[in-house]
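Presented below is the structure to which this report refers.
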Amino acid sequence: MLSSYLDNAATSFPKPDGVADAVVQWLGTGAAAGRGSHSGSGQAAELLTQCRSRLARFLGVPDYRQVIFTQNCTDSLNQVLLGLLKPGDRVIASTLDHNSVLRPLEWLRESAGLEVSMVDFDPATGLIRLDEFETALRERATKLVVLTHASNVTGRIQQVHEMIRLARQHGALVLLDAAQTVGHVPVHFQSLDIDFLAAAGHKGLLGPLGTGILVVRSGLETQLRPLRFGGTGSSSESLRQPDEIPARFESGNLNLPGIAGLNAAVQWIETQGLQNLHVRIDRAVKRLHYACGSLPNVRVFSSPEDNAGILSFNIEGMDCQEVAMILDQSFSIQCRAGLHCAPLAHRTLKTLSTGGTVRLSPGVFTTDDEIQQAIDAVSQLSSAIG
Ligand SMILES: Cc1ncc(COP(=O)(O)O)c(C=O)c1O
């Protein structure tokens, strides 16, 4: 039996045609950008500009230099949190946040006296409680609001327009963690009116692992202390780190093979049309919800509407890791079970003490047969109980 990959929320697989070729081609001919006095180095610089411009167009970023290449979404989030926040600052985050937000915040809270205000979500809808959010904003001046665009546990897309409006009204900066939405639904940096956008290159954008993106609002770059200092291939006469973006945050050689793959991946998305890709995942995730939600002994923690592509569930009386193991070993279905690096979301869903949930996350290449195979497998497991 061919295996079905339903773990696209972790990283997308397979990648579109052309991505692996672009990586291999780069490895065969590549050089370092800004680090050579030859045409190969010029080609590398050209690739960076091409991929940056493509991403800027795709994400509604006015100037391509605002697009900074990172290693992954975690790296992008750390750059903003550790680079911006100072002792005594206040941040509003939520229980939906991933550990890539929660852990840097906890570090800053313990080591630098950062004040962190956590807002909860409603487990019935998966939506951050707007009343709690507004109350937190009113309490005290807030430097930064971190918004998870869609939860990686429930897939629920948040009411970010309203939350950004409220944050702006109270003078807070906004960091959007779009790890689960970029490449799934339109994310337009300028129209959203946010200050920082963090995303992965290897999830919805369908690029290779080891690629991430940070977008910084023009003018805010000098408020961010770089986390890495060093050679940028520019202004080499100066011992000071450049103020200009992207160089300010891109010290050391970049992951050019990965960026070559990412460039090919985003080009493929542009050709297919984001809306068409969205429809494929949306249809798959709705089918999973409608079928699994009506099975006996199955408890679903996500909902089919406004979902970035995730079904989260448990089978009564079975450990979620055991379910995932059986799905893998007996049905060749690859998924992820556990806390998904989002322990507070599980605390609110009341699945923390039982070890989390099983997560199925289809991708743009998931077939109707694979969805049916998953439904049949969950059905067999659930009916074997009791
Ligand atoms: C909401 C959210 N934020 C951040 C991350 C971290 O992304 P990365 O694996 O690219 O570091 C993830 C990964 O699953 C995520 O789901």
Side-chain angles (χ1 to χ4, degrees), residues 5-13 15 55 59 67-82 93-106 118-119 121 126-128 145-158 160 163 174-185 187 194 196-215 227 255 258-259 261-262 265-266 281 285 301-302 306-312 334-346 348-349 356-363:
Y5 182 82
L6 294 182
D7 195 15
N8 286 272
T11 195
S12 51
F13 181 81
K15 307 297 180 185
L55 285 163
L59 296 170
V67 177
I68 293 151
F69 291 115
T70 63
Q71 293 171 15
N72 45 46
C73 190
T74 302
D75 202 24
S76 308
L77 292 162
N78 270 262
Q79 174 57 67
V80 176
L81 299 172
L82 299 175
S94 87
T95 52
L96 281 181
D97 288 323
H98 188 272
N99 274 340
S100 51
V101 170
L102 300 175
R103 286 182 172 170
L105 290 183
E106 182 60 13
M118 295 299 291
V119 177
F121 69 97
L127 288 172
I128 291 173
V145 161
V146 187
L147 300 179
T148 289
H149 199 179
S151 161
N152 68 319
V153 176
T154 64
R156 185 68 157 99
I157 299 171
Q158 299 298 305
V160 288
M163 296 173 84
V174 178
L175 161 60
L176 187 70
D177 174 356
Q180 295 297 336
T181 48
V182 161
H184 288 258
V185 291
V187 177
I194 51 178
F196 309 105
L197 170 75
H202 63 95
K203 294 183 194 266
L205 286 181
L206 308 174
L209 276 166
T211 56
I213 296 150
L214 170 64
V215 182
L227 297 192
N255 172 10
I259 292 168
L262 178 60
V266 181
I281 295 182
V285 93
F301 297 90
S302 49
D306 295 323
N307 186 315
I310 287 169
L311 169 80
S312 224
Q334 297 171 338
C335 69
R336 181 174 179 192
L339 300 181
H340 316 101
C341 302
L344 303 185
H346 284 284
T348 300
L349 292 171
T357 55
V358 185
R359 182 180 77 181
L360 301 183
S361 50

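Read the numbers this way: they start at 1 and go in the same order the structure lists the ligands and their atoms.
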List every atom of ligand 1 that sits less than 4.0 Å from any heavy atom of [X], numbering the atoms from 1 in the order shown and giving each element.
X	result
Q180	14 (O), 15 (C), 16 (O)
A200	10 (O)
N72	8 (P), 10 (O), 11 (O)
N152	16 (O)
A179	1 (C), 2 (C), 3 (N), 4 (C), 5 (C), 12 (C), 15 (C)
S100	3 (N), 4 (C), 5 (C), 6 (C)

Side chain [X], main chain [Y], donor-acceptor under 3.5 Å:
X	Y	result
N255	G210	yes
D97	S94	yes
Q180	A9	yes
S76	I213	yes
N8	F13	yes

Check: Under 3.5 Å, is there a donor-acceptor pair between the S302 and S312 side chains?
Finding: no
Notebook entry, point to check: Do you see a donor-acceptor pair shorter than 3.5 Å between the side chains of H202 and T211?
Noted result: no
Next item on the list: Pick one of side chain, backbone, both or neither for how T74 approaches ligand 1, counting any non-hydrogen atom pair under 4.0 Å.
Entry: both
Any [X] heavy atom less than 4.0 Å from ligand 1:
X	result
K203	yes
G212	no
H202	yes

Notebook entry, point to check: Under 3.5 Å between some N or O of ligand 1 and some N or O of C73?
Noted result: yes
Note to self: Would you say the ring centers of H340 and H98 fall short of 6.0 Å from each other?
What the structure shows: no
Note to self: Can you report which non-hydrogen protein atom sits closest to atom 1 (C) of ligand 1, along with the distance?
What the structure shows: D177 OD2, 3.5 Å
Margin query: For atom 15 (C) of ligand 1, what's the nearest protein heavy-atom neighbour? Residue, atom name and distance, please.
Written below: H98 CD2, 3.4 Å
Item checked: Residue from H149, K203, Q158 passing side-chain hydrogen bond (donor to acceptor under 3.5 Å, both in side chains) with T181 -> H149
